2 protein chains.
Amino acid sequence: MEHRCENCIIRQFNSLRALNKDELKKVSDSKISKIIKKGDALFTEGQKLDGVFCVRNGVSKLSKLSSNGKEQIVKLTNRGEIMGQRSVIAEDFTNLSATAISEMEVCFIPKETISNILNTNPYFSLEVLRHLAHDLKEADDVIVNMSQKTVKQRLAEAFIYLKNNYGEDVNGFLSLTLSRDDYANIVGAATESLIRMISEFKKKGLIKTDGKKIGIVQDCTLQELADGF
Amino acid sequence: MEHRCENCIIRQFNSLRALNKDELKKVSDSKISKIIKKGDALFTEGQKLDGVFCVRNGVSKLSKLSSNGKEQIVKLTNRGEIMGQRSVIAEDFTNLSATAISEMEVCFIPKETISNILNTNPYFSLEVLRHLAHDLKEADDVIVNMSQKTVKQRLAEAFIYLKNNYGEDVNGFLSLTLSRDDYANIVGAATESLIRMISEFKKKGLIKTDGKKIGIVQDCTLQELADGF
DNA sequence: TGTATTAACTGACAATTATCATGTTTTAGA
DNA sequence: TCTAAAACATGATAATTGTCAGTTAATACA
(Lines give C-alpha, C1' and ligand atoms only; values in the text may rest on other atoms or scores of the structure.)
Protein backbone atom coordinates (compact mmCIF):
# COMPACT_ATOMS: atom_id res chain seq x y z
CA MET A 1 0.00 0.00 0.00
CA GLU A 2 1.59 3.21 -1.21
CA HIS A 3 0.63 6.53 0.35
CA ARG A 4 -0.42 9.46 -1.78
CA CYS A 5 0.97 12.92 -1.02
CA GLU A 6 -2.51 14.30 -1.54
CA ASN A 7 -3.57 12.53 1.65
CA CYS A 8 -0.40 13.10 3.63
CA ILE A 9 -0.79 15.68 6.38
CA ILE A 10 2.95 16.07 6.76
CA ARG A 11 3.09 18.37 3.77
CA GLN A 12 1.21 21.02 5.72
CA PHE A 13 4.34 21.48 7.81
CA ASN A 14 6.72 22.17 4.95
CA SER A 15 7.06 24.02 1.67
CA LEU A 16 4.98 21.42 -0.22
CA ARG A 17 1.89 23.12 1.19
CA ALA A 18 2.28 25.71 -1.57
CA LEU A 19 1.65 23.14 -4.31
CA ASN A 20 -1.56 22.97 -6.31
CA LYS A 21 -3.39 19.72 -7.06
CA ASP A 22 -1.62 19.12 -10.31
CA GLU A 23 1.84 19.69 -8.87
CA LEU A 24 1.03 17.51 -5.90
CA LYS A 25 0.05 14.71 -8.21
CA LYS A 26 3.38 14.97 -10.01
CA VAL A 27 5.24 14.82 -6.72
CA SER A 28 3.20 11.87 -5.58
CA ASP A 29 3.74 9.99 -8.83
CA SER A 30 7.49 10.51 -8.81
CA LYS A 31 8.21 10.02 -5.12
CA ILE A 32 9.63 6.86 -3.59
CA SER A 33 8.83 5.91 0.01
CA LYS A 34 11.64 4.46 2.08
CA ILE A 35 12.22 3.08 5.54
CA ILE A 36 15.60 4.02 6.97
CA LYS A 37 16.84 1.95 9.88
CA LYS A 38 18.29 3.60 12.96
CA GLY A 39 21.97 4.28 12.34
CA ASP A 40 21.72 4.14 8.56
CA ALA A 41 22.69 7.08 6.38
CA LEU A 42 20.27 8.93 4.11
CA PHE A 43 23.18 10.59 2.38
CA THR A 44 26.76 11.47 3.13
CA GLU A 45 28.86 14.59 2.87
CA GLY A 46 30.18 15.28 -0.61
CA GLN A 47 27.56 13.21 -2.36
CA LYS A 48 25.55 14.55 -5.28
CA LEU A 49 21.90 14.44 -4.34
CA ASP A 50 19.39 13.84 -7.08
CA GLY A 51 16.41 14.70 -4.97
CA VAL A 52 15.16 15.73 -1.57
CA PHE A 53 13.78 13.77 1.35
CA CYS A 54 10.49 14.57 3.04
CA VAL A 55 10.47 13.21 6.58
CA ARG A 56 7.22 11.47 7.49
CA ASN A 57 8.52 10.07 10.74
CA GLY A 58 11.65 9.68 12.80
CA VAL A 59 14.65 11.85 13.56
CA SER A 60 18.01 12.27 11.87
CA LYS A 61 21.20 14.13 12.57
CA LEU A 62 22.86 16.39 10.02
CA SER A 63 26.58 16.31 10.60
CA LYS A 64 29.90 17.25 9.08
CA LEU A 65 33.37 15.88 9.57
CA SER A 66 36.02 18.38 10.60
CA SER A 67 39.59 18.16 9.35
CA ASN A 68 40.65 16.47 12.60
CA GLY A 69 38.21 13.66 11.94
CA LYS A 70 35.67 14.53 14.60
CA GLU A 71 31.99 14.71 13.71
CA GLN A 72 30.02 17.86 14.40
CA ILE A 73 26.24 17.65 14.48
CA VAL A 74 24.89 20.83 12.94
CA LYS A 75 21.18 20.16 13.26
CA LEU A 76 18.62 17.54 14.23
CA THR A 77 15.73 17.23 11.82
CA ASN A 78 12.09 17.15 12.76
CA ARG A 79 9.07 15.40 11.40
CA GLY A 80 7.85 17.22 8.31
CA GLU A 81 11.19 18.64 7.33
CA ILE A 82 12.55 18.54 3.82
CA MET A 83 16.17 17.44 3.72
CA GLY A 84 18.68 18.11 1.01
CA GLN A 85 17.01 21.18 -0.46
CA ARG A 86 20.11 23.32 -0.06
CA SER A 87 22.15 20.95 -2.13
CA VAL A 88 19.50 20.49 -4.83
CA ILE A 89 18.88 24.23 -5.16
CA ALA A 90 22.54 25.17 -5.33
CA GLU A 91 23.18 22.20 -7.65
CA ASP A 92 26.01 21.42 -5.32
CA PHE A 93 27.38 18.44 -3.43
CA THR A 94 25.87 18.01 0.03
CA ASN A 95 27.95 19.68 2.69
CA LEU A 96 26.40 17.50 5.36
CA SER A 97 25.75 13.85 6.12
CA ALA A 98 22.32 12.73 7.27
CA THR A 99 22.02 9.72 9.57
CA ALA A 100 18.90 8.26 11.13
CA ILE A 101 18.82 8.54 14.92
CA SER A 102 15.57 6.62 15.15
CA GLU A 103 13.83 4.52 12.51
CA MET A 104 12.65 6.85 9.77
CA GLU A 105 9.93 6.88 7.19
CA VAL A 106 10.85 9.25 4.37
CA CYS A 107 9.79 10.03 0.84
CA PHE A 108 12.40 10.70 -1.80
CA ILE A 109 11.35 13.28 -4.38
CA PRO A 110 13.49 13.50 -7.55
CA LYS A 111 15.11 16.84 -8.18
CA GLU A 112 13.52 17.24 -11.61
CA THR A 113 10.12 17.35 -9.98
CA ILE A 114 11.33 19.96 -7.50
CA SER A 115 13.12 22.05 -10.14
CA ASN A 116 10.09 22.12 -12.40
CA ILE A 117 7.86 23.42 -9.67
CA LEU A 118 10.49 25.93 -8.53
CA ASN A 119 10.63 27.35 -12.02
CA THR A 120 6.90 27.81 -12.37
CA ASN A 121 5.33 28.29 -8.95
CA PRO A 122 6.62 31.42 -7.17
CA TYR A 123 4.65 30.57 -4.03
CA PHE A 124 6.54 27.33 -3.70
CA SER A 125 9.85 29.17 -4.18
CA LEU A 126 8.81 31.62 -1.53
CA GLU A 127 7.98 28.83 0.88
CA VAL A 128 11.33 27.21 0.28
CA LEU A 129 12.97 30.60 0.76
CA ARG A 130 11.25 31.00 4.10
CA HIS A 131 12.49 27.63 5.27
CA LEU A 132 16.05 28.32 4.19
CA ALA A 133 15.83 31.73 5.87
CA HIS A 134 14.75 30.03 9.06
CA ASP A 135 17.58 27.51 8.87
CA LEU A 136 20.05 30.30 8.29
CA LYS A 137 18.88 32.18 11.36
CA GLU A 138 19.17 29.05 13.47
CA ALA A 139 22.65 28.43 12.12
CA ASP A 140 23.67 31.95 13.15
CA ASP A 141 22.42 31.25 16.65
CA VAL A 142 24.41 28.05 16.80
CA ILE A 143 27.56 29.94 15.75
CA VAL A 144 27.11 32.42 18.58
CA ASN A 145 26.43 29.67 21.12
CA MET A 146 29.44 27.70 20.00
CA SER A 147 31.80 30.59 20.36
CA GLN A 148 30.40 32.36 23.40
CA LYS A 149 28.98 29.68 25.66
CA THR A 150 30.78 27.07 27.70
CA VAL A 151 30.28 23.38 27.09
CA LYS A 152 28.21 23.22 30.25
CA GLN A 153 25.86 25.93 29.00
CA ARG A 154 25.53 24.29 25.60
CA LEU A 155 24.72 20.95 27.16
CA ALA A 156 22.05 22.47 29.39
CA GLU A 157 20.61 24.13 26.32
CA ALA A 158 20.67 20.88 24.37
CA PHE A 159 18.67 19.11 27.05
CA ILE A 160 16.03 21.82 27.06
CA TYR A 161 15.89 21.78 23.28
CA LEU A 162 15.41 18.03 23.18
CA LYS A 163 12.63 18.18 25.72
CA ASN A 164 10.81 21.01 23.94
CA ASN A 165 11.14 19.52 20.46
CA TYR A 166 10.80 15.79 20.98
CA GLY A 167 9.04 15.53 24.33
CA GLU A 168 9.41 13.00 27.11
CA ASP A 169 7.92 9.61 27.96
CA VAL A 170 5.56 8.75 30.82
CA ASN A 171 8.50 8.34 33.23
CA GLY A 172 9.90 11.77 32.44
CA PHE A 173 12.76 10.65 30.23
CA LEU A 174 13.53 12.37 26.95
CA SER A 175 11.76 10.61 24.08
CA LEU A 176 14.78 10.99 21.85
CA THR A 177 17.61 8.86 23.16
CA LEU A 178 21.06 9.88 22.01
CA SER A 179 24.40 8.26 22.65
CA ARG A 180 26.94 10.14 24.76
CA ASP A 181 28.96 10.43 21.59
CA ASP A 182 26.07 12.17 19.82
CA TYR A 183 25.71 14.57 22.72
CA ALA A 184 29.41 15.34 22.51
CA ASN A 185 29.08 15.97 18.78
CA ILE A 186 26.14 18.30 19.29
CA VAL A 187 27.74 20.50 21.92
CA GLY A 188 31.18 20.22 20.32
CA ALA A 189 33.21 18.68 23.10
CA ALA A 190 35.28 15.60 23.82
CA THR A 191 33.14 12.60 24.72
CA GLU A 192 34.90 12.19 28.06
CA SER A 193 34.29 15.82 28.99
CA LEU A 194 30.67 15.42 28.12
CA ILE A 195 30.19 12.26 30.17
CA ARG A 196 31.75 13.99 33.15
CA MET A 197 29.33 16.85 32.75
CA ILE A 198 26.36 14.51 32.62
CA SER A 199 27.59 12.94 35.87
CA GLU A 200 27.89 16.40 37.38
CA PHE A 201 24.36 17.42 36.31
CA LYS A 202 23.08 14.17 37.74
CA LYS A 203 24.95 14.66 41.03
CA LYS A 204 23.42 18.12 41.31
CA GLY A 205 19.95 16.69 40.73
CA LEU A 206 19.34 18.59 37.49
CA ILE A 207 18.80 15.44 35.47
CA LYS A 208 18.26 11.74 36.05
CA THR A 209 19.58 8.86 33.98
CA ASP A 210 18.64 5.27 33.30
CA GLY A 211 21.20 3.69 31.05
CA LYS A 212 21.33 5.81 27.93
CA LYS A 213 18.08 7.53 28.80
CA ILE A 214 18.16 11.01 30.29
CA GLY A 215 15.37 12.81 32.09
CA ILE A 216 15.14 16.49 32.92
CA VAL A 217 14.43 17.05 36.60
CA GLN A 218 14.96 20.78 37.15
CA ASP A 219 13.87 22.66 34.04
CA CYS A 220 14.37 26.11 35.52
CA THR A 221 17.81 25.59 36.98
CA LEU A 222 18.90 24.03 33.73
CA GLN A 223 17.56 27.00 31.79
CA GLU A 224 19.37 29.42 34.09
CA LEU A 225 22.55 27.45 33.63
CA ALA A 226 22.15 27.67 29.85
CA ASP A 227 21.70 31.43 30.14
CA GLY A 228 24.81 31.74 32.25
CA PHE A 229 23.63 32.27 35.80
CA MET B 1 24.01 62.74 -9.97
CA GLU B 2 22.05 59.63 -9.09
CA HIS B 3 23.17 56.28 -10.45
CA ARG B 4 20.76 54.04 -12.31
CA CYS B 5 20.69 50.30 -11.55
CA GLU B 6 20.50 49.66 -15.28
CA ASN B 7 24.08 50.92 -15.56
CA CYS B 8 25.40 49.44 -12.34
CA ILE B 9 27.68 46.47 -12.88
CA ILE B 10 27.40 45.40 -9.26
CA ARG B 11 24.08 43.73 -9.95
CA GLN B 12 25.83 41.09 -12.06
CA PHE B 13 27.26 39.72 -8.82
CA ASN B 14 23.99 39.21 -7.01
CA SER B 15 20.44 38.03 -7.45
CA LEU B 16 19.38 41.25 -9.20
CA ARG B 17 20.94 39.85 -12.37
CA ALA B 18 17.76 37.84 -12.84
CA LEU B 19 15.63 40.97 -13.29
CA ASN B 20 14.22 42.06 -16.62
CA LYS B 21 14.34 45.65 -17.88
CA ASP B 22 10.99 46.56 -16.43
CA GLU B 23 11.77 45.16 -13.00
CA LEU B 24 15.15 46.81 -13.00
CA LYS B 25 13.53 50.15 -13.70
CA LYS B 26 11.21 49.67 -10.75
CA VAL B 27 14.14 48.87 -8.48
CA SER B 28 16.07 51.83 -9.75
CA ASP B 29 13.14 54.21 -9.27
CA SER B 30 12.47 53.08 -5.72
CA LYS B 31 16.03 52.70 -4.46
CA ILE B 32 17.83 55.20 -2.25
CA SER B 33 21.61 55.54 -2.40
CA LYS B 34 23.42 56.06 0.87
CA ILE B 35 26.92 56.61 2.15
CA ILE B 36 27.61 54.86 5.44
CA LYS B 37 30.59 56.07 7.43
CA LYS B 38 33.07 53.64 8.91
CA GLY B 39 31.77 52.46 12.27
CA ASP B 40 28.15 53.39 11.58
CA ALA B 41 25.39 50.80 11.66
CA LEU B 42 23.25 49.87 8.67
CA PHE B 43 20.82 48.13 10.95
CA THR B 44 20.82 46.52 14.37
CA GLU B 45 19.71 43.20 15.77
CA GLY B 46 16.00 42.99 16.47
CA GLN B 47 15.07 45.79 14.12
CA LYS B 48 12.31 45.40 11.53
CA LEU B 49 13.82 45.96 8.11
CA ASP B 50 11.67 47.49 5.44
CA GLY B 51 14.04 46.75 2.63
CA VAL B 52 17.38 45.29 1.65
CA PHE B 53 20.78 46.85 1.06
CA CYS B 54 22.81 46.30 -2.08
CA VAL B 55 26.49 46.92 -1.39
CA ARG B 56 28.20 48.97 -4.10
CA ASN B 57 31.37 49.47 -2.14
CA GLY B 58 32.92 48.95 1.25
CA VAL B 59 32.82 46.17 3.83
CA SER B 60 30.58 45.51 6.79
CA LYS B 61 30.43 43.03 9.61
CA LEU B 62 27.30 41.06 10.47
CA SER B 63 27.29 40.40 14.17
CA LYS B 64 25.13 39.22 17.01
CA LEU B 65 25.29 39.85 20.72
CA SER B 66 25.44 36.80 22.93
CA SER B 67 23.67 36.65 26.28
CA ASN B 68 26.94 37.47 28.06
CA GLY B 69 27.16 40.72 26.16
CA LYS B 70 30.01 39.78 23.86
CA GLU B 71 29.71 40.42 20.14
CA GLN B 72 30.17 37.57 17.69
CA ILE B 73 30.89 38.40 14.07
CA VAL B 74 29.06 35.87 11.93
CA LYS B 75 30.08 37.08 8.49
CA LEU B 76 31.87 39.84 6.63
CA THR B 77 30.05 41.12 3.58
CA ASN B 78 31.56 41.63 0.20
CA ARG B 79 31.04 44.10 -2.58
CA GLY B 80 27.93 43.15 -4.51
CA GLU B 81 26.18 41.39 -1.65
CA ILE B 82 22.58 41.97 -0.75
CA MET B 83 22.08 42.44 2.96
CA GLY B 84 18.92 41.92 4.94
CA GLN B 85 17.24 39.51 2.53
CA ARG B 86 16.76 36.84 5.17
CA SER B 87 14.82 39.19 7.36
CA VAL B 88 12.72 40.62 4.53
CA ILE B 89 11.86 37.19 3.16
CA ALA B 90 10.96 35.69 6.51
CA GLU B 91 9.10 38.89 7.43
CA ASP B 92 11.05 38.71 10.61
CA PHE B 93 13.17 40.99 12.78
CA THR B 94 16.85 40.96 11.81
CA ASN B 95 18.81 38.48 13.85
CA LEU B 96 22.03 40.32 13.10
CA SER B 97 23.48 43.79 13.29
CA ALA B 98 25.35 45.25 10.32
CA THR B 99 28.13 47.74 10.91
CA ALA B 100 30.40 49.38 8.35
CA ILE B 101 34.05 48.39 8.69
CA SER B 102 35.11 50.76 5.95
CA GLU B 103 33.20 53.60 4.33
CA MET B 104 30.33 52.09 2.39
CA GLU B 105 28.24 53.01 -0.59
CA VAL B 106 24.95 51.12 -0.52
CA CYS B 107 21.56 51.25 -2.17
CA PHE B 108 18.48 50.69 -0.09
CA ILE B 109 15.69 48.86 -1.95
CA PRO B 110 12.22 48.91 -0.30
CA LYS B 111 10.78 45.54 0.56
CA GLU B 112 7.63 46.10 -1.52
CA THR B 113 9.76 46.24 -4.65
CA ILE B 114 11.52 43.03 -3.67
CA SER B 115 8.32 41.22 -2.66
CA ASN B 116 6.60 42.11 -5.91
CA ILE B 117 9.39 40.70 -7.98
CA LEU B 118 9.66 37.60 -5.76
CA ASN B 119 5.98 36.90 -6.36
CA THR B 120 6.17 37.17 -10.11
CA ASN B 121 9.66 36.29 -11.29
CA PRO B 122 10.64 32.71 -10.42
CA TYR B 123 14.16 33.23 -11.79
CA PHE B 124 14.73 35.97 -9.27
CA SER B 125 13.43 33.73 -6.47
CA LEU B 126 15.74 31.01 -7.63
CA GLU B 127 18.71 33.38 -7.59
CA VAL B 128 17.86 34.48 -4.08
CA LEU B 129 17.48 30.84 -3.10
CA ARG B 130 20.93 30.09 -4.43
CA HIS B 131 22.44 32.90 -2.41
CA LEU B 132 20.71 31.84 0.79
CA ALA B 133 21.80 28.27 0.11
CA HIS B 134 25.36 29.46 -0.20
CA ASP B 135 25.14 31.46 3.03
CA LEU B 136 23.71 28.45 4.81
CA LYS B 137 26.56 26.25 3.68
CA GLU B 138 29.09 28.79 4.85
CA ALA B 139 27.33 29.06 8.20
CA ASP B 140 27.57 25.28 8.61
CA ASP B 141 31.29 25.48 7.96
CA VAL B 142 31.67 28.20 10.57
CA ILE B 143 29.83 26.05 13.12
CA VAL B 144 32.23 23.18 12.55
CA ASN B 145 35.26 25.45 12.74
CA MET B 146 34.04 27.04 15.92
CA SER B 147 33.56 23.78 17.69
CA GLN B 148 36.42 21.72 16.35
CA LYS B 149 39.28 24.10 15.77
CA THR B 150 41.45 25.91 18.27
CA VAL B 151 41.55 29.70 18.44
CA LYS B 152 44.98 29.58 16.83
CA GLN B 153 43.65 27.61 13.88
CA ARG B 154 40.69 29.91 13.46
CA LEU B 155 42.90 32.97 13.52
CA ALA B 156 45.22 31.53 10.89
CA GLU B 157 42.18 30.76 8.79
CA ALA B 158 40.82 34.28 9.24
CA PHE B 159 44.07 35.82 7.97
CA ILE B 160 44.02 33.63 4.88
CA TYR B 161 40.37 34.44 4.29
CA LEU B 162 40.99 38.17 4.54
CA LYS B 163 43.87 37.99 2.11
CA ASN B 164 41.93 35.91 -0.42
CA ASN B 165 38.78 37.99 -0.25
CA TYR B 166 39.98 41.55 0.23
CA GLY B 167 43.55 41.41 -1.02
CA GLU B 168 46.61 43.27 0.17
CA ASP B 169 48.24 46.63 -0.49
CA VAL B 170 51.56 47.28 -2.27
CA ASN B 171 53.49 46.73 0.96
CA GLY B 172 51.93 43.34 1.56
CA PHE B 173 49.53 44.37 4.30
CA LEU B 174 45.91 43.22 4.30
CA SER B 175 43.72 45.77 2.56
CA LEU B 176 41.00 45.33 5.15
CA THR B 177 42.19 46.66 8.48
CA LEU B 178 40.34 45.32 11.49
CA SER B 179 40.72 46.20 15.14
CA ARG B 180 42.04 43.56 17.51
CA ASP B 181 38.59 43.53 19.01
CA ASP B 182 37.04 42.68 15.64
CA TYR B 183 39.52 39.86 15.17
CA ALA B 184 38.59 38.52 18.59
CA ASN B 185 34.91 38.69 17.69
CA ILE B 186 35.48 36.85 14.43
CA VAL B 187 37.40 33.93 15.89
CA GLY B 188 35.34 33.94 19.07
CA ALA B 189 38.00 34.53 21.69
CA ALA B 190 38.89 37.00 24.41
CA THR B 191 40.61 40.09 23.02
CA GLU B 192 43.65 39.54 25.25
CA SER B 193 44.04 35.95 24.07
CA LEU B 194 43.84 37.11 20.51
CA ILE B 195 46.43 39.85 20.91
CA ARG B 196 48.78 37.34 22.47
CA MET B 197 48.30 35.05 19.50
CA ILE B 198 49.05 37.84 17.05
CA SER B 199 52.27 38.51 18.96
CA GLU B 200 53.12 34.84 18.76
CA PHE B 201 52.46 34.65 15.00
CA LYS B 202 54.61 37.72 14.55
CA LYS B 203 57.42 36.28 16.67
CA LYS B 204 57.35 33.13 14.55
CA GLY B 205 57.57 35.21 11.38
CA LEU B 206 54.20 34.12 10.03
CA ILE B 207 52.86 37.65 9.87
CA LYS B 208 54.13 41.21 10.14
CA THR B 209 52.39 44.19 11.73
CA ASP B 210 52.50 47.95 11.44
CA GLY B 211 50.18 49.51 13.96
CA LYS B 212 46.75 48.05 13.29
CA LYS B 213 47.83 46.74 9.91
CA ILE B 214 48.67 43.08 9.48
CA GLY B 215 50.53 41.44 6.63
CA ILE B 216 50.75 37.77 5.79
CA VAL B 217 54.35 36.61 5.44
CA GLN B 218 54.16 32.83 5.27
CA ASP B 219 50.98 31.82 3.47
CA CYS B 220 51.75 28.10 3.44
CA THR B 221 52.72 27.73 7.08
CA LEU B 222 49.64 29.70 8.05
CA GLN B 223 47.46 27.42 5.92
CA GLU B 224 49.01 24.34 7.49
CA LEU B 225 48.41 25.79 10.91
CA ALA B 226 44.76 26.39 10.03
CA ASP B 227 44.46 22.78 8.89
CA GLY B 228 45.98 21.54 12.11
CA PHE B 229 49.54 20.55 11.26
C1' DT C 1 48.82 71.31 21.35
C1' DG C 2 47.54 69.31 25.46
C1' DT C 3 44.46 66.07 27.39
C1' DA C 4 41.00 62.59 27.65
C1' DT C 5 39.64 58.48 25.77
C1' DT C 6 40.18 54.38 23.45
C1' DA C 7 42.91 50.63 21.68
C1' DA C 8 46.88 47.74 22.04
C1' DC C 9 49.65 45.12 24.82
C1' DT C 10 51.75 42.13 28.82
C1' DG C 11 51.91 39.33 33.09
C1' DA C 12 50.03 36.34 36.56
C1' DC C 13 46.75 33.29 37.52
C1' DA C 14 42.38 30.62 37.31
C1' DA C 15 38.98 28.10 34.86
C1' DT C 16 37.74 25.22 31.25
C1' DT C 17 38.42 21.53 28.35
C1' DA C 18 41.18 17.88 25.98
C1' DT C 19 44.01 13.84 26.18
C1' DC C 20 45.59 9.50 27.70
C1' DA C 21 45.10 5.55 30.39
C1' DT C 22 42.27 2.24 32.29
C1' DG C 23 38.31 -0.13 34.12
C1' DT C 24 33.34 -1.26 33.88
C1' DT C 25 28.98 -1.98 31.75
C1' DT C 26 26.06 -2.76 27.92
C1' DT C 27 25.00 -4.57 23.54
C1' DA C 28 25.00 -7.33 19.44
C1' DG C 29 25.54 -11.39 17.30
C1' DA C 30 27.50 -16.22 16.71
C1' DT D 1 24.21 -17.93 26.58
C1' DC D 2 28.78 -16.75 25.80
C1' DT D 3 31.98 -13.49 23.92
C1' DA D 4 33.84 -9.67 21.40
C1' DA D 5 33.04 -5.13 20.51
C1' DA D 6 31.19 -0.92 21.57
C1' DA D 7 29.65 2.43 24.77
C1' DC D 8 30.03 4.37 29.26
C1' DA D 9 32.66 6.01 33.06
C1' DT D 10 36.47 7.97 36.00
C1' DG D 11 41.17 9.62 37.33
C1' DA D 12 45.37 12.08 36.43
C1' DT D 13 47.43 15.41 33.86
C1' DA D 14 48.37 18.78 30.26
C1' DA D 15 46.96 22.21 27.06
C1' DT D 16 44.09 25.89 25.93
C1' DT D 17 41.77 29.88 26.87
C1' DG D 18 39.69 33.43 29.91
C1' DT D 19 39.95 36.91 33.58
C1' DC D 20 41.82 40.57 36.13
C1' DA D 21 45.03 44.09 36.76
C1' DG D 22 47.92 47.20 35.05
C1' DT D 23 51.04 49.74 31.35
C1' DT D 24 51.91 51.88 27.07
C1' DA D 25 50.66 53.69 22.62
C1' DA D 26 47.52 55.79 19.50
C1' DT D 27 43.70 58.77 18.47
C1' DA D 28 40.34 62.30 18.80
C1' DC D 29 38.97 66.63 19.73
C1' DA D 30 38.33 70.87 22.61
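Below, chains carry the letters A, B, ... as their sequence lines are ordered, and counting in each starts from 1. Quick caveat, the model's predicted, so the values are computed rather than measured.
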Could you tell me whether the side chain of Arg196(B) has a donor or acceptor atom within less than 3.5 Å of a complementary atom in the base of dG11(C)?
-> yes
Does Lys34(A) count as lying over the ring of Phe108(A), i.e. NZ or CZ under 6.0 Å from the six-ring centre, within 45 degrees of the axis?
-> yes
Please give, in whole Å, the distance from dT19(C) C1' to Leu194(A) CG?
-> 15 Å
Could Lys61(A) and Glu71(A) be called an ion pair, given the rule that one side-chain N must be under 4.0 Å from one carboxylate O?
-> yes
If you pin Ser147(A) and Thr209(A) to their nearest nucleotides in DNA chain D, which one's is more 5'?
-> Thr209(A)
Within the modelled atom types, does a donor on one side and an acceptor on the other bring the side chain of Glu192(B) and the base of dC20(D) under 3.5 Å apart?
-> yes
Donor-acceptor pair under 3.5 Å: do we get one between Arg154(A)'s side chain and the base of dT16(C)?
-> no
Pick base, sugar-phosphate or nothing for Thr150(A), based on heavy-atom distances below 4.0 Å to the nucleic acid.
-> sugar-phosphate
Side chain of Ile195(A): nearest nucleotide among dT19(D), dC8(D), dA18(C)?
-> dC8(D)
Go through dC8(D), dA8(C), dT17(C) for me and flag the one nearest to the Arg180(A) side chain.
-> dC8(D)
Roughly, in whole Å, what's the span from CG in Asn68(B) to P in dT16(C)?
-> 14 Å
Look at all strands and tell whether Ser179(B) reaches a base, only sugar-phosphate, or nothing, counting heavy atoms closer than 4.0 Å.
-> sugar-phosphate
Do the charged groups of Lys75(B) and Asp135(B) touch, with an N to O distance under 4.0 Å?
-> yes
Note: for Gly211(B) and Lys70(A) on DNA chain C, the residue whose nearest nucleotide lies more 5' is Gly211(B)
Could you check Ser193(A) against Lys202(B) and say which one's nearest nucleotide on DNA chain C is further toward the 5' end?
-> Lys202(B)
Using whole Å, report how far CG of Asp181(B) lies from P of dT6(C).
-> 13 Å
Distance in angstrom units between Asp182(B) CG and dT6(C) C1', rounded = 14 Å
Protein-nucleotide distance (Tyr183(B), atom OH; dA8(C), atom P), rounded to Å = 11 Å
How many Å lie between NZ on Lys37(A) and P on dA28(C), as a whole number?
-> 13 Å
Just checking Thr191(A): base, sugar-phosphate only, or nothing, at a heavy-atom cut-off of under 4.0 Å?
-> nothing
Would you tell me whether Asp169(A) and Ser175(A) have side-chain atoms, one donor and one acceptor, within less than 3.5 Å of each other?
-> no
Quick one: Asp210(B) CG to dC9(C) P, roughly how many Å, whole number?
-> 11 Å
Starting from C1' on dT16(C), measure out to CD on Glu200(A) and report it in whole angstrom.
-> 11 Å
Donor-acceptor pair, Gln72(B) side chain versus Ile186(B) backbone, under 3.5 Å?
-> yes
Counting just side-chain N and O atoms, does Lys212(B) come under 4.0 Å of either OP1 or OP2 of dA7(C)?
-> no
